[in-house]
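Working notes, beginning with the structure itself.
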Amino acid sequence: MKKTLRTSRYNHKDIENHWRDLWYTDNIYEAVDFSSKPKKYILAELPYPSGKSIHVGHAMRYTVPEIYSRYLRMQGYNVLFPMGWDAFGLPTEMYALKNNVTPQEATQKLAVDYKKAVMDIGYAIDWKREINTTDPGYYKWTQWLFLKFFENGLAEYKEMPVWYSPSCGILADEEVINNTAGEKVAERDASPVERKMFKQWVLKIPAYADKLLAGLEKIDFPEQIKNAQINWIGKRVGINITYNVKNSSEKVTVFTTRPDTNFGATFIVIAPEHPLVAKITTPENREKVHEYVRKAKNKSELERMGEGTKNKSGAFTGSYAINGLNGYAMPIYVSDYVLMTFGTGAVVGVPGHDARDFEFSQLFSIPVIRVVVGKDGDISPIERLDQVQEDVGTMVNSDFLNGLDIHTATEKIMDYLEQQGMGTRTTVFSIRDWVFSRQRYWGEPIPVIHKQDGRLEAVTTTADKVGVDRYLPVELPFSTDYTAEKDGTPPLGKLKDWVKTTDLQGMPAERETQTMPTWAGSSWYFIRYIDPRNSRAFADFDKMKYWLPVDRYFGGAEHTTVHLLYSRFWFRFFYDIGLVPCPEPYQWRMNGGLLLGPDGKKMSKRYGNVVEPGVLIENYGADATRLALAFIGPYTDTYPWNENTIVAMWRLVRTMYLLKDKVKTLTEEEKNTAAYKRANVSYNKLTKAVTSMIEVLKMNTAISEIMIFLNELKKYDYVDTHMWRGFIKVIAPFTPFVAEELWQTTNNYTMWEKNNSVHLQAWPTFDSKILEENELTIPVMINGKVRGQVNVVNTDTDVKVKEKVLADEKLVKYVTKDTILKFIYIQKKIASIQVKM
RNA sequence: GGGCGAGUGGCGGAAUGGCAUACGCGGCAGACUUAAAAUCUGCUGGCCGCAAGGUCGUGAGGGUUCAAGUCCCUCCUCGCCCACCA
């Protein structure tokens, strides 16, 4: 055991290296299963190690939650604040290629580097719970959980239209974004993408859409996040209406949420991919329709976007559908503004009350019928786009619906259509099956085999009991070839010996060669932290019962509709099959903002504006770095990094450190001075303010309070020992290293003893009696302007304060007994007076 | 086009409807120094004024209130997310 350091100058390196070793060696931040203390599970999204080392932006997102976790520990909670590495995926593969190592080697090295960086900042982590998603002991359970989806019919192997980029291969919807020019590109490398059909594994998240919506009501997420998820799920209640095609036995079914406007329907549009296209196109229109469909299919999504939503196009099939309500013959067109993937792939055109339908009607001179009158009472024909009303009004020209409000009309006509056998109420969702396979090397192999007869078989069907260890994990075989064939055969497909296997009957079979997406390992990682070394189960049920749900979850806004929603889906499914103890994984969520480069641009190697925490820690120390990251602004906001801030924080830490020389145990007599009393008020204010600010995660203003207190202390010659010890505990979550140094010194501990660490001490309390001010000065406002002050005491009544105001010689020129119209005194806040002008 | 945010000094940002600009950065002045750096002290929203003080001021305009950065209405700008979703 080492002796406590004692230096007269502030040397961050000596202090930090010294305590870091002792903390982690003795694992002082241990999270204890089944502890009798109340638990708090504080989680920050696990990092994805793909660059040289941890990014200062990551560090900002971890620092605030980590300060909070330290505070909770000092408040007597059994805290779990874990850390691990999400290391499968393309960036690691790219990193490996660039550095001429294997992804296995790259991952190992990055995990070590990242861990060192995280340790250097001094995060309070129980390293016994560290996980790595690429560890076979981990992904065995990712595969096992995947098989639960498979066994329950929620994982399917089917032809899917997928995004394809030559450089990234096949991508999920979530990995494709619109660039600034409005083109669809791969999020990863901005390469253009196109649509292709491919046999894919999908997870059927739409089956859980309703449960995921309902679950939102019980959890404490910001409205913004809830809305984004609701929007993403895109639940729409409407009706499928079936129309007969004139002179044909065919029928066309459309989905609409606005059946109330159906008396105004003047055409039908079907998607180019719709199976009816071939059946109902009349011979004289065949050539034109065929040409249109061919062009639409060849158009990449990029071109469709490029042409924008303004320019409608289409072709007439020559057929008509009969509106069962009024016998109107609606011409049927093909147009790419209708998507095969939403609703029924066919829409009914009501140009008077839908902007897109109106635009399309103009293209083919289709009649426009008004069936809704808005608030303005305008009943003139609809001739311009700006006259198209969508969601308010009263029905006209609509037979038995006339005069009804549109919402009442909607219900009435849906009842009618159902009674007449013309329609069926339907709910549709915009959320799609989650494409869950990749044609990449560096991921979890999907643990399924293809039997000779084409049927699929889970690598283990005896799962839970003894079988699991015999068959899982399906280990990722070693390979140095990470590229897919042009035909889509994944890299693993090239390893012929590995692909060849046998099924449970011993017959020859082939392994699945696609791997899982990066999202797989991170969909359940927070469960594994609870029981990271369990080899018999993904986690012990009783331990889950103790720790779950996560109390506070911190992460990036970019994960709102991806990771955050999809991992809720995993968890909710596990709950339904009895694997986990509660329906929702995360009780509370906050999204972190972004830290920009000093130039205000997003930190990126391209701009050369990346700030590395390692450099900051080297130059200014971890304590100053932590303060800078927490002080710079509120957690949820985005702002640029400013080098000056950390210099100021270094000075602040030094000021705190050097204060130790002013510490003295004051006698009762010395405590009986005005100076001591003032200092004591400041100290109690500090404790109270910091406590309430940490509770609401406003670390920036909490640090301001620490600065205010230090500015106050400068005025005195001595700092009382009792106050000093409380102060050290207040700063402990923010600047753990210097706090430990000061704590050990002030207590004269010569030997390190785990239980004596400041971080395991109780959070200081404050005395609200000391903060009650008996006498204070309040502003006096006259006709809305502050014109002076008066001194009041607690017991002053309105009448007393009024007397004081009237007696004030400065105020007399603004107010006298005779000019007062109205007098308001807000206790201990303000006096506000209306006077005659 | 839809949804969600946000507009406060030179900059990052504070402010349960109650003295707008806390705290920090930067700037200015002073102390220490042969000098500089570092450190310390003071000042620091605009305008008028020697000063006391006055006056304007939280994107723009209106409203509610004794009192509005904060609440309500109209508008402007910026950011993020979603988007021919019927």
Side-chain angles (χ1 to χ4, degrees), chain A residues 177-178 182 222-228 230-232 234-236 238-239 254-259 261 269 271 304-305 307-313 335-339 341-350 353-357 359-360 390 428-432 557-558 560-561 591 593-594 600 627-628 631-634 636-649 651-652 654-655 692 698 700-711 714 777-789 810 821-835:
Chain A
I177 54 166
N178 292 331
E223 281 308 306
Q224 197 180 337
I225 296 177
K226 287 188 182 182
N227 285 334
I230 290 168
N231 209 15
W232 186 263
K235 180 176 182 171
R236 300 233 172 28
I239 188 164
V254 302
F255 173 75
T256 179
T257 55
R258 291 297 305 281
T261 62
V269 186
R304 280 203 200 182
M305 293 304 292
E307 279 176 24
T309 58
K310 297 276 151 57
N311 301 327
K312 294 280 183 292
S313 63
S335 174
D336 62 7
Y337 88 88
V338 173
L339 307 176
T341 48
F342 189 81
T344 60
V347 300
V348 54
V350 184
H353 305 285
D354 181 283
R356 291 156 308 179
D357 293 349
E359 285 169 359
F360 190 80
E390 302 208 351
V428 301
F429 297 93
S430 50
I431 194 166
R432 302 294 148 74
E558 67 277 17
T560 300
T561 50
N591 282 349
L594 223 55
L627 280 178
F631 180 69
I632 192 164
T636 49
D637 290 1
T638 292
Y639 26 72
W641 172 252
N642 181 349
E643 189 77 18
N644 287 330
T645 306
I646 196 163
V647 179
M649 295 305 137
R651 281 198 291 256
L652 182 76
R654 186 190 52 187
T655 303
S692 63
K698 299 193 68 168
N700 54 332
T701 52
I703 293 167
S704 294
E705 293 297 330
I706 293 171
M707 292 168 173
I708 291 168
F709 179 66
L710 286 170
N711 287 341
K714 282 178 191 167
T777 305
I778 59 156
V780 177
M781 187 180 271
I782 291 158
N783 286 350
K785 289 200 162 120
V786 175
R787 297 294 185 182
Q789 280 91 30
K810 259 199 213 154
L821 292 174
K822 191 169 184 180
F823 182 88
I824 293 167
Y825 170 54
I826 307 294
Q827 270 269 310
K828 295 156 125 193
K829 285 252 166 75
I830 197 166
S832 185
I833 303 159
Q834 290 296 105
V835 300

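Letters go in sequence order (proteins before strands), and every chain restarts at 1. Quick caveat, the model's predicted, so the values are computed rather than measured.
Comparing B:G12 with B:G59, their P atoms are spaced 14 Å from each other, to the whole Å. Spacing of P atoms, B:G69 relative to B:G9, comes out at 14 Å, to the nearest Å. A gap of 15 Å separates the C1' atoms of B:G45 and B:G26, to the nearest Å.
If you check every strand for non-hydrogen atoms under 4.0 Å, A:Lys698 touches sugar and phosphate atoms only. The residue A:Ser430 sits close to a base: some heavy atom pair falls under 4.0 Å. The residue A:Glu558 sits apart from the nucleic acid: no heavy atom pair falls under 4.0 Å. Residue A:Asp637 is classed as having no contact, given no heavy-atom separation below 4.0 Å to the nucleic acid. A:Asp357 comes within contact range of no nucleotide atom at all, as no heavy-atom separation falls under 4.0 Å. Here A:Pro640 lies out of heavy-atom contact (under 4.0 Å) with every strand. At the heavy-atom level, A:Phe631 lies under 4.0 Å from base atoms of the strands shown.
A:Phe360 does not carry A:Lys312 over the face of its six-membered ring by the limits of under 6.0 Å from the centre and within 45° of the normal.
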### Query
What does nucleotides 38-55 of chain B look like as a protein-contact string, B for base, S for sugar-phosphate only, - for none, at under 4.0 angstrom between heavy atoms?
-S-S------------SS
### Query
If you write RNA chain B from 5' to 3' in dot-bracket form, with Watson-Crick or G-U pairs under 3.5 Å, [ ] for crossing pairs and | for pairs with another strand, what do you get?
(((((((..(((.....[....)))((((((.......))))))((((....))))..(((((..]....))))))))))))....
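In terms of modelled atom types and a separation under 3.5 Å, the side chain of A:Asn783 and the main chain of A:Val835 share a donor-acceptor contact.
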Please tabulate, one pair per line, each protein N/O and nucleotide N/O from nucleotides 59-69 of chain B that are separated by under 3.5 Å, including the distance.
| unit_1 | atom_1 | unit_2 | atom_2 | d |
| --- | --- | --- | --- | --- |
| B:C66 | OP1 | A:Lys822 | NZ | 2.9 |
| B:C66 | O2' | A:Gln834 | OE1 | 2.7 |
| B:C66 | O2 | A:Ser832 | OG | 2.5 |

